[in-house]
Colleague: 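Attaching a single structure in structure tokens format; questions to follow.
As the structure is a prediction and not an experimental result, all values here were calculated from the model.
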Amino acid sequence: VKKQFFERVRDDFQYCIGQKVGIAVCSDVGALPENVGVKNTTTAQLETIYGTPEQVCTYTGKLLYVGEHHIEYDLNSFEGCSGAIVFLLDQNQPDSVREGDFGRAIAVHAGAHPVMLRNVGFKISAKPI
């Protein structure tokens with residue numbers, strides 16, 4: 001089996017609001033009402049949004065805020081997704097994203113706000129900050 005991993009984006013990459021990002025997650029239990037912050041739903045309904053357990057699911061969104069050390073973005077996630085790599089998608093990107101940037105790692109997913117649909121990730125930097 002060939003090992004797969006993400007490569008970091010180029011050193012001169014500029015984070016910009018509107019860039020399209022994703023995370024890939026494989027969860028043993030998947031999204032449950034108690035780990036998405038929604039009590040009045042079924043596991044079956046959540047599977048239509050988040051995918052099924054024990055399969056790699058990709059959640060996508062766009063950058064909403066760029067801080068000095070972190071980014072914020074809008075994508076579906078749930079408890080247990082922390083640590084996923086945030087990567088650049090390969091479609092509908094602004095000019096700030098080059099073709100060679102597609103699929104490259106830009107941050108590590110740290111968590112989400114359950115109501116605001118904002119996620120936070122810590123930037124991956126080539127140089128110590």
Side-chain angles (χ1 to χ4, degrees):
V1 175
K2 181 180 176 186
K3 291 185 179 183
Q4 299 287 324
F5 59 91
F6 288 97
E7 292 184 19
R8 183 180 37 81
V9 74
R10 60 190 156 86
D11 291 341
D12 64 344
F13 175 76
Q14 296 293 312
Y15 296 81
C16 297
I17 292 171
Q19 290 171 334
K20 307 298 187 292
V21 296
I23 62 173
V25 175
C26 184
S27 170
D28 291 341
V29 297
L32 302 170
E34 58 269 18
N35 67 17
V36 297
V38 179
K39 302 291 183 206
N40 298 327
T41 189
T42 67
T43 303
Q45 289 170 320
L46 291 174
E47 283 185 7
T48 65
I49 299 167
Y50 295 99
T52 56
E54 299 181 0
Q55 292 186 354
V56 176
C57 298
T58 302
Y59 308 116
T60 63
K62 66 179 181 293
L63 292 187
L64 301 173
Y65 177 81
V66 178
E68 184 176 356
H69 302 292
H70 81 283
I71 56 174
E72 295 177 17
Y73 40 95
D74 63 342
L75 54 75
N76 288 331
S77 67
F78 53 92
E79 288 181 18
C81 295
S82 297
I85 297 299
V86 181
F87 59 91
L88 293 163
L89 298 177
D90 63 352
Q91 295 179 355
N92 303 316
Q93 289 285 15
D95 292 338
S96 58
V97 178
R98 300 178 190 161
E99 187 174 333
D101 298 331
F102 298 165
R104 299 290 178 127
I106 63 168
V108 176
H109 179 73
H113 189 282
V115 177
M116 295 176 58
L117 286 178
R118 278 202 178 222
N119 296 264
V120 64
F122 293 100
K123 292 179 177 179
I124 295 175
S125 175
K127 303 174 187 96
I129 298 176

Colleague: With a 4.5 Å heavy-atom cut-off, do Lys123 and His69 have their side chains touching?
Modeller: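 In short, these two side chains do not touch, never coming nearer than 4.5 Å.
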
Colleague: Kindly indicate whether the side chain of Arg104, heavy atoms from C-beta on, has any atom under 4.5 Å from the side chain of Phe13.
Modeller: no

Colleague: Return the minimal non-hydrogen interatomic distance between Ala84 and Ile23, and the atom names on each side.
Modeller: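 Scanning both residues completely, I find the closest heavy atoms to be CB-CB, 4.0 Å.
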
Colleague: State, with a plain yes or no, whether a side-chain heavy atom of Leu75 is found less than 4.5 Å away from one of Thr60.
Modeller: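 Leu75 does not reach Thr60 side chain to side chain.
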
Colleague: State, yes or no, whether a side-chain contact exists between Phe87 and Thr58 at a heavy-atom distance under 4.5 Å.
Modeller: yes

Colleague: Check for a donor-acceptor pair, side chain of Tyr15 on one end and backbone N or O of Ile106 on the other, with a separation under 3.5 Å.
Modeller: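 Yes, the answer is positive, given that a donor and an acceptor are paired below the 3.5 Å cut-off.
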
Colleague: Can you name the side-chain contact (heavy atoms from CB on, under 4.5 Å) partners of Gln93, sequence neighbours left out?
Modeller: Gln19, Lys20, Leu88, Leu89, Val97, Phe102

Colleague: How many angstroms lie between CG in Leu46 and OG1 in Thr52, if you round to the nearest 0.5 Å?
Modeller: 12.5 Å

Colleague: Counting only heavy atoms not in Phe122 (residues, nucleotides, ligands), do more than 12 fall under 6.0 Å from its CZ?
Modeller: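 Not more than 12 within 6.0 Å, no.
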
Colleague: Are Val9 and Ile124 packed together at the side-chain level, in the sense that at least one heavy-atom pair is separated by less than 4.5 angstrom?
Modeller: no

Colleague: Going from SG on Cys26 to CD on Glu54, what distance comes out if it is rounded to the nearest 0.5 angstrom?
Modeller: 7.0 Å

Colleague: Which pair of non-hydrogen atoms, one from Tyr73 and one from Ala110, has the smallest distance, and what is that distance?
Modeller: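 Scanning both residues, the minimum pair turns out to be OH-N, 4.4 Å.
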
Colleague: Should Val66 and Val21 be counted in the same cluster of Ile, Leu, Val, Met, Phe, Trp and Tyr side chains packed under 4.5 Å apart?
Modeller: yes

Colleague: What heavy-atom pair brings Gly18 and Pro94 nearest, and what distance separates the two atoms?
Modeller: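 Nearest pair, atom of Gly18 first, then Pro94: O-CD, 4.0 Å.
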
Colleague: Are the side chain of Asp74 and the backbone N or O of Lys62 linked by a donor-acceptor pair below 3.5 Å?
Modeller: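 Checked: pair present.
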
Colleague: Which heavy-atom pair separates Val56 from Ala24 by the least distance, and what is that distance?
Modeller: CG1-CB, 4.1 Å

Colleague: State the CZ-CD1 distance between Arg8 and Ile85, to the nearest 0.5 angstrom.
Modeller: 12.0 Å

Colleague: So which atom in Val108 and which in Val86 form the shortest heavy-atom distance, rounded to 0.1 Å?
Modeller: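 Here Val108 and Val86 meet closest at C-CG2, 4.2 Å.
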
Colleague: With a cut-off of 6.0 Å (strictly less than), are more than 12 heavy atoms of other residues, nucleotides or ligands near CG of Asn40?
Modeller: no

Colleague: Report the distance from atom CD1 of Ile71 to atom SG of Cys16, rounding to the nearest 0.5 Å.
Modeller: 11.5 Å

